[in-house]
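Per chain, numbering begins at 1; letters A, B, ... match sequence-line order.
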2 protein chains.
Amino acid sequence: MNIEIKEYMHRLGSAARKAGHALARADTRQKNMALNAIASFIERDVDALLEANAKDLAAAEAAGLDAALTDRLRLTAATVAQMAEGVRQVAALPDPVGEMSDFSYRPSGIQVGKMRVPLGVIGIIYESRPNVTADAAALCLKSGNATILRGGSEAFHSNQAIARCVHEGLRFADLPPAAVQVVETTDRAAVGELITLSEFVDVIVPRGGKGLIERISREARVPVIKHLDGNCHVFIDDAANPDKALAIAVNAKTHRYGTCNTMETLLVHEAFANYILPELAERFAAKGVELRGCGRTRAILGDRVAEAGEEDWSTEYLAPILAIRVVKGLDEAIAHINHYGSHHTDAIVTEDYSRARRFLREVDSSSVMVNASTRFADGFEYGLGAEIGISTDKIHARGPVGLKGLTSEKWVVLGEGQIRE
Amino acid sequence: MNIEIKEYMHRLGSAARKAGHALARADTRQKNMALNAIASFIERDVDALLEANAKDLAAAEAAGLDAALTDRLRLTAATVAQMAEGVRQVAALPDPVGEMSDFSYRPSGIQVGKMRVPLGVIGIIYESRPNVTADAAALCLKSGNATILRGGSEAFHSNQAIARCVHEGLRFADLPPAAVQVVETTDRAAVGELITLSEFVDVIVPRGGKGLIERISREARVPVIKHLDGNCHVFIDDAANPDKALAIAVNAKTHRYGTCNTMETLLVHEAFANYILPELAERFAAKGVELRGCGRTRAILGDRVAEAGEEDWSTEYLAPILAIRVVKGLDEAIAHINHYGSHHTDAIVTEDYSRARRFLREVDSSSVMVNASTRFADGFEYGLGAEIGISTDKIHARGPVGLKGLTSEKWVVLGEGQIRE
């Protein structure tokens with residue numbers, strides 16, 4: 001069986017590489033034509049998509065899948081319409097491929113600049129969320145990359161139904177259907193093959209739980225753009241505007257609990273803690289947020305706050321729980337964030353110019369903010385149009401990864417016959 | 001012994017991580033002060049450096065090292081002076097760290113942009129060339145990265161002597177000596193440890209033979225910026241200016257034989273082959289270049305050209321040998337290059353606007369050129385000031401890697417108390 005899977009994935013890879021070359025040559029008009037056609041076919045086929053999804057939902061129910069997972073798996077007429085609209089939005093984004101920049105003349109007489117190019121073939125491994133199939137296909141197509149999609153097995157029928165719309169759209173625009181391939185087996189061995197297909201796959205984007213992503217990163221023989229966890233901080237400085245501090249801290253924690261850009265630890269300047277913590281505790285209590293604090297926090301808030309253990313500082317709760325620590329000032333805040341944080345998104349609330357500058361420079365995270373909620377760390381909010389994920393890696397792409405993150409730049413040299421002396 | 005090496009490399013890694021934080025905070029003035037001091041100490045210690053180098057040369061002679069390797073290993077008063085000058089040139093380059101760009105307001109009211117930041121800790125594994133020790137240390141220091149250098153064991157004493165100058169320079173500028181660490185063992189196990197120290201090392205740059213680089217890439221658990229080989233092409237179109245074609249083809253092949261940006265295969269448009277090949281063959285014969293051609297080339301040049309086999313199209317000769325193929329035109333040239341090439345550097349010689357545009361777009365190489373010699377693919381020629389290597393990877397950095405290639409960008413959000421609704 002593994003031999004069969006190996007051969008099957010090799011075939012997918014080889015076809016993707018070939019399709020990738022065609023896609024890299026495709027012009028903007030042709031790619032947009034495919035995207036708009038895909039959106040139309042998704043809308044046209046709403047009944048077939050819901051029918052395929054019903055099969056997946058029935059199997060999920062029989063297998064006793066939990067409510068949150070089933071919820072992610074479920075398609076409705078409204079979410080299908082959103083999916084189509086998302087694909088149209090990607091069509092409307094500027095095409096990054098072929099962008100040329102930074103051309104300057106060198107003393108030798110050559111003119112040197114850069115051209116943005118696709119990465120080639122992108123493998124995406126994701127959970128059982130059918131909408132990701134359409135989103136990821138659209139972003140890869142627009143950025144000129146062929147893609148091999150391997151979604152969660154619970155969404156198998158839904159993904160295959162979406163794939164049919166995608167293929168029809170590609171053919172409509174005279175692009176090879178192999179530009180987007182959805183793996184047609186639920187055998188887990190396919191993932192192991194995909195992440196080691198270095199001959200045909202240029203980058204892997206894994207999405208899902210931390211354990212899965214760590215395992216994929218460890219075993220991959222292809223570069224991985226990954227997101228591990230989001231242990232985000234807000235530091236309230238003693239030069240903070242208290243209204244901004246309260247609004248940002250509450251928003252960063254309670255706007256949504258399950259997202260990677262949600263604040264998990266609040267740091268408060270010791271000269272401001274007595275003043276701001278009681279009001280904050282009241283607001284969090286009103287939202288039902290459990291507080292876990294350091295000794296100094298507990299000295300101020302008493303039994304409104306539980307005792308935080310060492311592990312709390314590095315925990316991504318993804319729940320209505322918040323760790324709070326009182327710090328001596330900016331240095332301790334930065335040291336805490338760089339030590340315990342996940343280098344995702346961290347914010348300072350302050351009106352002090354020099355401390356804001358130092359925080360921005362010295363906090364080693366993919367997003368650093370002054371006087372804004374960590375919840376803004378998002379491809380749409382940053383103006384990328386869409387995102388394939390948020391990278392906590394340092395090389396290639398940090399933070400929200402949009403179309404540009406799926407491309408690279410090559411050097412272009414324009415000459416008039418120059419040779420090197 | 002391996003336990004000892006493991007512990008030793010772990011200590012280096014941990015110290016590098018700490019020093020990296022200090023270096024990321026260091027300002028331009030402080031880094032330049034260190035670099036200029038290092039240059040001065042290298043000049044001051046020229047006798048000690050030559051003495052250490054003499055030890056390495058004696059050992060190399062005793063071990064029967066070949067002439068080319070011994071040549072790379074040798075330092076002279078002149079090369080030591082060049083080394084110091086190279087470090088000063090890096091001091092004179094603009095500091096990429098902290099560069100901010102692309103700030104724009106979003107509908108939410110936040111202002112979003114990017115800040116250039118160091119990668120963190122860079123591990124460099126290289127052959128027995130002592131000058132690389134100073135070059136690499138300087139580039140990493142300027143870009144705010146701590147570095148762990150593991151040079152070839154034949155250069156052990158030379159590298160340690162250079163390291164002493166580097167450490168003195170770092171201390172002079174009040175920077176931690178652990179910002180540049182030269183591995184103090186020749187045990188090969190140290191390399192295996194370095195490339196798997198994912199806790200402390202952010203990227204590995206291997207330099208040397210293809211076999212070594214492939215092995216390191218396979219075994220590394222840390223991202224690798226690598227250069228495999230340079231199988232570069234020049235395509236002479238039938239719309240080429242013949243003078244430019246002759247000059248570029250001869251320069252690309254014969255300017256230097258052993259460099260990665262040297263042309264290894266020449267492609268000639270069939271409508272131009274009869275006209276240009278005899279003259280080219282004469283010029284190459286005068287330089288002592290052996291020609292290996294396809295059937296059509298041999299039909300034109302007769303016994304001046306040997307028969308090229310399939311393997312010639314993918315060989316990086318690094319020698320006065322050239323493969324020549326007559327092609328039907330642009331499509332076949334592009335297909336040949338993308339299939340057999342190493343995605344390093346490829347050039348077209350043509351006066352045809354549309355073909356030049358297509359070549360630039362469709363050739364999937366880190367450098368693509370029109371009417372210029374492939375020998376220009378170089379960090380100095382491109383204006384990077386210096387290079388740590390030439391990447392044939394697609395993600396993160398393609399082509400010559402200078403200071404910017406040793407950095408990444410984080411997102412910066414500036415707000416006035418914005419929260420997400």
Side-chain angles (χ1 to χ4, degrees), chain A residues 21 24-25 98 104 106 108 110 112 115 117 119-120 202-203 218 221 223 225 241 243-244 247-248 250-252 255 338 347 349 360-362 364-373 375-377 381-383 393-396 398-400 408-420, chain B residues 21 24-25 98 104 106 108 110 112 115 117 119-120 202-203 218 221 223 225 241 243-244 247-248 250-252 255 338 347 349 360-362 364-373 375-377 381-383 393-396 398-400 408-420:
Chain A
H21 290 145
R25 279 194 303 272
S104 61
R106 299 290 308 150
S108 60
I110 60 172
V112 181
M115 186 194 290
V117 291
L119 292 173
D202 296 292
V203 63
R218 210 165 43 237
R221 289 295 162 274
I225 296 179
N241 172 310
D243 291 334
K244 293 180 188 171
I248 288 169
V250 171
N251 185 260
H255 182 250
N338 285 341
V349 187
L360 291 177
R361 168 108 187 215
E362 296 180 24
D364 182 23
S365 297
S366 70
S367 286
V368 287
M369 303 184 168
V370 180
N371 295 343
S373 169
R375 285 281 297 134
F376 282 111
E381 293 295 337
Y382 284 2
D393 286 326
K394 283 186 161 182
I395 79 160
H396 188 64
R398 280 188 97 172
S408 183
E409 286 183 312
K410 64 182 180 189
W411 295 89
V412 173
V413 174
L414 306 176
E416 283 81 34
Q418 280 84 359
I419 60 171
R420 204 156 151 198
Chain B
H21 291 145
R25 279 194 303 272
S104 61
R106 299 291 306 150
S108 61
I110 60 172
V112 180
M115 185 193 291
V117 291
L119 292 175
D202 296 292
V203 64
R218 209 164 45 235
R221 289 293 164 277
I225 296 178
N241 172 311
D243 292 334
K244 294 179 188 173
I248 288 169
V250 172
N251 184 261
H255 183 251
N338 286 339
V349 186
L360 292 177
R361 169 111 186 212
E362 295 180 24
D364 182 24
S365 296
S366 70
S367 287
V368 287
M369 304 183 167
V370 179
N371 294 344
S373 169
R375 285 282 297 134
F376 281 110
E381 294 294 338
Y382 283 4
D393 286 326
K394 284 187 161 182
I395 80 159
H396 187 66
R398 281 188 96 171
S408 183
E409 286 183 311
K410 65 182 178 187
W411 295 88
V412 173
V413 174
L414 305 175
E416 283 82 35
Q418 280 83 1
I419 59 172
R420 203 157 153 200

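Both the backbone and the side chain of Ala247(A) come within less than 4.5 Å of a heavy atom of chain B. Both the backbone and the side chain of Ser367(A) come within contact range of chain B, with heavy atoms under 4.5 Å apart. Heavy atoms of Ser104(A) lying under 4.5 Å from chain B are absent altogether. The contact between Val117(A) and chain B is made entirely by side chain atoms (from C-beta outward), counting heavy-atom distances below 4.5 Å.
Distance CH2/Trp411(A) to OG/Ser366(B): 10.0 Å, rounded to 0.5 Å. Annotation: the span from Lys410(B) atom NZ to Ser365(A) atom OG amounts to 7.0 Å, rounded to 0.5 Å.
Counting heavy-atom pairs under 4.5 Å between each of Met115(B), Glu409(B), Met369(B) and chain A puts Met369(B) at the top. Note: Ser373(A) leads Ala252(A), Ser373(A), Ala377(A) in heavy-atom pairs under 4.5 Å with chain B. Note on Arg25(B), Arg361(B), His21(B): by heavy-atom pairs under 4.5 Å with chain A, the leading option is Arg361(B). Interface check for chain A: of the options Ile225(B), Val112(B), Ile395(B), the most heavy-atom pairs under 4.5 Å are formed by Ile395(B). When the candidates Leu119(A), Asn371(A), Leu414(A) are compared by the number of heavy-atom contacts under 4.5 Å with chain B, Asn371(A) comes out ahead.
For Arg398(B), the side-chain hydrogen bond (donor to acceptor under 3.5 Å, both in side chains) criterion is met by Asp364(B), not counting sequence neighbours. Among residues two or more places apart in sequence or in another chain, the side chain to side chain contact (heavy atoms under 4.5 Å, CB included) test is passed with His255(B) by Arg420(A), Asn251(B), Arg375(B).
Residues Lys394(A) and Asp202(B) share a closest heavy-atom pair of CD-OD1, 3.8 Å. Taking all atoms of both residues into account, the shortest heavy-atom contact from Ala372(A) to Ile110(B) is CB-CG2, 4.1 Å.
Side-chain contact between Tyr382(B) and Arg106(A): absent, with no pair of heavy atoms (C-beta onward) separated by less than 4.5 Å.
When atom types are taken as modelled, the side chain of Lys244(B) and the backbone of Gly415(A) share no donor-acceptor pair closer than 3.5 angstrom. No donor-acceptor pair closer than 3.5 Å links the side chain of Arg218(A) to the backbone N or O of Arg221(B).
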